> 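Take this structure first; my questions come after.
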Amino acid sequence: MNKEQITEKLQKYDQMQLLRFFDELPEEEQQGLLGEIARIDFDMIDIHHKSESAGAITPLGAMTLDEIAAKKEELTNAGLQAIKECKAAAVLLAGGQGTRLGLDGPKGTLNVGETRELYIFQCLVETLLKVKEAAGAWVPLLVMTSDKNDEATRAFFEEHNYFGYNKDYVFFFVQEMAPSTDFDGKVYLEEKNHISLSPNGNGGWFISLKKAGLLEKIKAMGVEWLNVFAVDNVLQKMVDPAFLGATILSGQPIGAKVVRKNAPDEKVGVMCLRDGHPSIVEYYELTDEMMTEKNESGELAYNFGVILNYLFRVKELEETADKNLPLHIVSKKIPHIDEAGNHIKPEEPNGYKFETLVLDMIQMMDGCLVFEVDRSKEFAPIKNMHGVDSLDSAREMLKANGVEL
Ligand code: UTP
């Protein structure tokens with residue numbers, strides 16, 4: 001697209017601010033900027049877009065800790081067998097920017113140690129190493145990064161010798177980006193010649209993995225299940241044999257790890273059925289009545305919060321890959337340049353990012369095994385430095401689990 005065509009496109013969407021510094025740029029940078037603008041789909045970043053999930057919500061029960069304990073051996077053996085046959089791979093979602101944490105580098109490079117170095121990436125890899133030891137086979141580890149942190153993430157793994165993992169089984173892939181806007185929907189400039197782009201949420205992981213050529217590679221290795229998990233839960237147990245075994249034996253296309261809620265009004269997304277499909281109901285969607293509703297065993301009907309640890313069967317992922325996921329509009333702190341060309345690093349949210357989310361993929365499936373885990377042993381997310389879900393709280397939980405910091 002030439003400058004006239006770009007101008008026409010920008011006028012149509014009222015985004016002419018993107019050419020504010022155009023005339024002062026060298027020719028090469030002008031072409032680069034026009035290319036970036038040509039690739040933006042402005043219809044995708046409509047701030048008035050509504051993505052609320054519709055559908056009748058009903059409770060969905062879980063395989064509880066007691067039920068799991070009673071079948072532990074059978075489930076674990078089934079999982080270990082699948083791991084031995086290389087039927088499962090781990091997908092580490094590490095493309096986020098961790099804006100709440102405010103770290104400069106990738107979130108996984110955060111040192112949670114106190115008297116020694118213990119990085120988030122290291123905690124996760126060491127957990128996966130235990131699975132490898134139990135099964136006697138390497139589990140492929142796919143790491144999703146973004147343009148913003150890909151180089152730093154790869155370098156960190158390299159520098160730390162993959163934390164003892166076999167690098168032949170570690171694959172990196174880069175997720176897509178989406179433009180960020182101010183609260184009026186105007187796309188920000190990050191530099192005079194670059195629009196502000198940020199990772200487009202964790203929902204694009206399968207498409208990005210496929211685009212990177214990794215789907216064919218892992219299928220050739222025998223992989224039938226992908227265990228997607230968040231980078232920031234330092235107690236995360238990925239490719240957990242019992243969970244994998246239980247999901248395979250259940251015949252369901254997905255499995256979701258959940259924890260029992262702390263209180264009926266805890267602010268977590270909870271597993272449910274939506275028009276008969278597995279789904280996640282956000283805490284603000286639950287009415288007071290639903291929040292306190294009991295099932296026939298006298299327990300809360302909506303009691304199982306998700307912890308971003310899902311197993312997906314590859315077959316169904318491939319079948320649903322072409323379906324569009326709903327777009328979520330999230331307020332975030334967005335560094336940018338102002339009208340005078342000064343770099344601004346905001347202290348408070350100043351605009352929107354546009355994201356698709358992995359949890360929306362669940363509703364595309366016909367069924368789900370909901371698998372309860374003990375939150376004191378498996379859920380220590382680090383979203384902030386201090387307070388709730390923080391480095392401080394995660395350190396306490398690691399210590400309570402016997403990890404020396
Ligand atoms: P969060 O929703 O907590 O986002 O990510 P975040 O970017 O880490 O942190 P904030 O909200 O900016 O403070 C949950 C998981 O999804 C991954 C994150 O890396 C984390 O593992 N994620 C998030 C991606 O891989 N890509 C994204 O675009 C967003």
Side-chain angles (χ1 to χ4, degrees), residues 41 44 51 53 82 86-97 108 124 128 139-150 153 169-178 198-233 236 238-240 243-244 247-248 252-257 269 271 277-280 306-328 330 353-369:
D41 177 357
M44 282 286 288
S51 70
S53 318
C86 199
K87 286 197 175 148
V91 183
L92 166 56
L93 301 176
Q97 286 182 292
L124 300 172
L128 193 57
V139 178
L141 169 62
L142 287 73
V143 184
M144 181 165 89
T145 63
S146 80
D147 280 347
K148 301 260 182 199
N149 67 17
D150 183 63
T153 304
Y169 283 81
V170 182
F171 308 96
F172 296 91
F173 65 102
V174 184
Q175 71 170 94
E176 315 274 301
M177 306 287 275
S198 53
N200 67 348
N202 55 30
W205 67 273
F206 184 67
I207 301 288
S208 301
L209 177 156
K210 203 172 149 185
K211 273 195 190 154
L214 287 175
L215 180 61
E216 289 317 310
K217 187 170 223 138
I218 55 171
K219 274 169 63 178
M221 293 167 90
V223 173
E224 293 174 9
W225 290 91
L226 290 172
N227 187 183
V228 182
F229 61 98
V231 67
D232 45 31
N233 175 7
Q236 187 85 263
M238 70 299 288
V239 197
D240 165 0
F243 177 42
L244 176 63
T247 309
I248 293 174
Q252 301 289 0
I254 44 170
K257 276 199 175 186
M271 284 304 304
H277 282 264
S279 181
I280 286 147
V306 287
I307 60 168
L308 219 175
N309 185 326
Y310 305 109
L311 265 170
F312 286 89
R313 192 157 53 198
V314 173
K315 180 170 156 276
E316 281 80 2
L317 280 173
E318 289 191 273
E319 285 164 13
T320 51
D322 295 338
K323 293 197 183 159
N324 279 337
L325 289 172
L327 200 64
H328 295 260
V330 213
K353 290 187 181 179
F354 299 80
E355 302 188 336
T356 59
L357 302 179
V358 59
L359 58 85
D360 288 314
M361 296 169 80
I362 291 167
Q363 217 178 324
M364 297 182 173
M365 305 291 168
D366 287 333
C368 174
L369 176 79

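FYI, the numbering just counts along the sequence from 1. These figures come from a predicted structure and were not determined experimentally.
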> Applying side chain to side chain contact (heavy atoms under 4.5 Å, CB included), name anything that partners D41, two or more places apart in sequence or on another chain.
D43, M44
> When you compare the side chain of L141 with that of F171, does any pair of heavy atoms fall below 4.5 Å?
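Side-chain contact under 4.5 Å: no.
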> I'd like a table of donor-acceptor pairs (distance under 3.5 Å, sequence neighbours excluded) in which one partner is a side-chain atom from residues 219-230, with atom names and distances.
unit_1 : atom_1 : unit_2 : atom_2 : d
K219   : NZ     : E318   : OE1    : 3.1
K219   : NZ     : E318   : OE2    : 3.0
N227   : OD1    : V239   : N      : 2.6
N227   : ND2    : N309   : OD1    : 2.8
N227   : ND2    : Y310   : O      : 3.0

> Apply side-chain contact (heavy atoms from CB on, under 4.5 Å) to residues L92 and F172 and explain how you reach the verdict.
CA-CA 9 Å; L92 166 56; F172 296 91; over 6 Å; no
> Restricting to non-hydrogen atoms, name the atom on Q252 and the atom on C368 that form the minimum distance, rounded to 0.1 Å.
OE1-N, 3.5 Å
> Might you point out which heavy atoms bring A94 and N149 nearest each other, and give the distance in Å?
O-ND2, 3.0 Å
> Within this structure, what is the OG1-CZ distance for the pair T320 and F312, rounded to the nearest 0.5 Å?
8.0 Å
> Is there a side-chain contact between N200 and Q175 in this structure, where contact means two heavy atoms from C-beta onward sitting under 4.5 Å apart?
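Heavy-atom side-chain distance check passes, below 4.5 Å.
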> Looking at residues at least two apart in the chain, or sitting in another chain, which of them share a salt bridge (Lys or Arg N to Asp or Glu O under 4.0 Å) with D240?
K257
> Taking side chain to side chain contact (heavy atoms under 4.5 Å, CB included) as the definition, give me every residue that meets it alongside S198, ordered by chain and number, with sequence neighbours left out.
Q97, S180, K353
> Quick one: side-chain hydrogen bond (donor to acceptor under 3.5 Å, both in side chains) partners of D150, sequence neighbours excluded?
T145, R154
> Closest approach of A88 and P140, non-hydrogen atoms and distance?
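The answer is O-CD, 3.6 Å.
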> Considering residues at least two apart in sequence or located in another chain, which fulfil the side chain to side chain contact (heavy atoms under 4.5 Å, CB included) criterion with T356?
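For T356, the residues satisfying side chain to side chain contact (heavy atoms under 4.5 Å, CB included) (neighbours in sequence not counted) are L325, L327.
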> Which residues satisfy the side chain to side chain contact (heavy atoms under 4.5 Å, CB included) test with D366, sequence neighbours excluded?
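For D366 the side chain to side chain contact (heavy atoms under 4.5 Å, CB included) partners, ignoring immediate neighbours, are H277.
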> Identify, with sequence neighbours excluded, every residue that meets ring pair (Phe, Tyr, Trp, His ring centres under 6.0 Å) alongside F173.
none
> Would you call L317 and M365 a side-chain contact if the rule is heavy atoms closer than 4.5 Å?
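In short, these two side chains touch, coming nearer than 4.5 Å.
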> How far apart are the closest heavy atoms of P278 and M271, and which atoms are they?
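That closest heavy-atom pairing would be CB-CE, 4.4 Å.
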> Side-chain atoms of residues 209-217: list all donor-acceptor pairs with protein atoms under 3.5 Å, sequence neighbours left out, distances to 0.1 Å.
unit_1 : atom_1 : unit_2 : atom_2 : d
K211   : NZ     : E176   : OE1    : 3.4
K211   : NZ     : E176   : OE2    : 3.4

> Determine the minimum heavy-atom distance between S279 and Q363, stating which atoms define it.
OG-OE1, 3.4 Å
> State, with a plain yes or no, whether a side-chain heavy atom of M361 is found less than 4.5 Å away from one of F206.
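Sidechains of F206 and M361: in contact.
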> Out of curiosity, L311 CG to L369 CG, how far, rounded to the nearest 0.5 Å?
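So the gap between those two atoms works out to 9.0 Å.
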> Tell me the closest heavy-atom pair linking L142 and A89, and the distance in Å.
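So the two residues come closest at CD1-CB, 4.0 Å.
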> Please test M238 against L128 for side-chain contact (heavy atoms from CB on, under 4.5 Å), starting from the C-alpha separation and ending with a verdict.
CA-CA 7 Å; M238 70 299 288; L128 193 57; 3.8 Å; yes
> Could you walk me through whether L308 and Q236 satisfy the side-chain contact (heavy atoms from CB on, under 4.5 Å) test, starting with their C-alpha distance in whole Å, then the side-chain angles of each, then the deciding distance to 0.1 Å, before giving a yes or no?
CA-CA 9 Å; L308 219 175; Q236 187 85 263; 5.5 Å; no
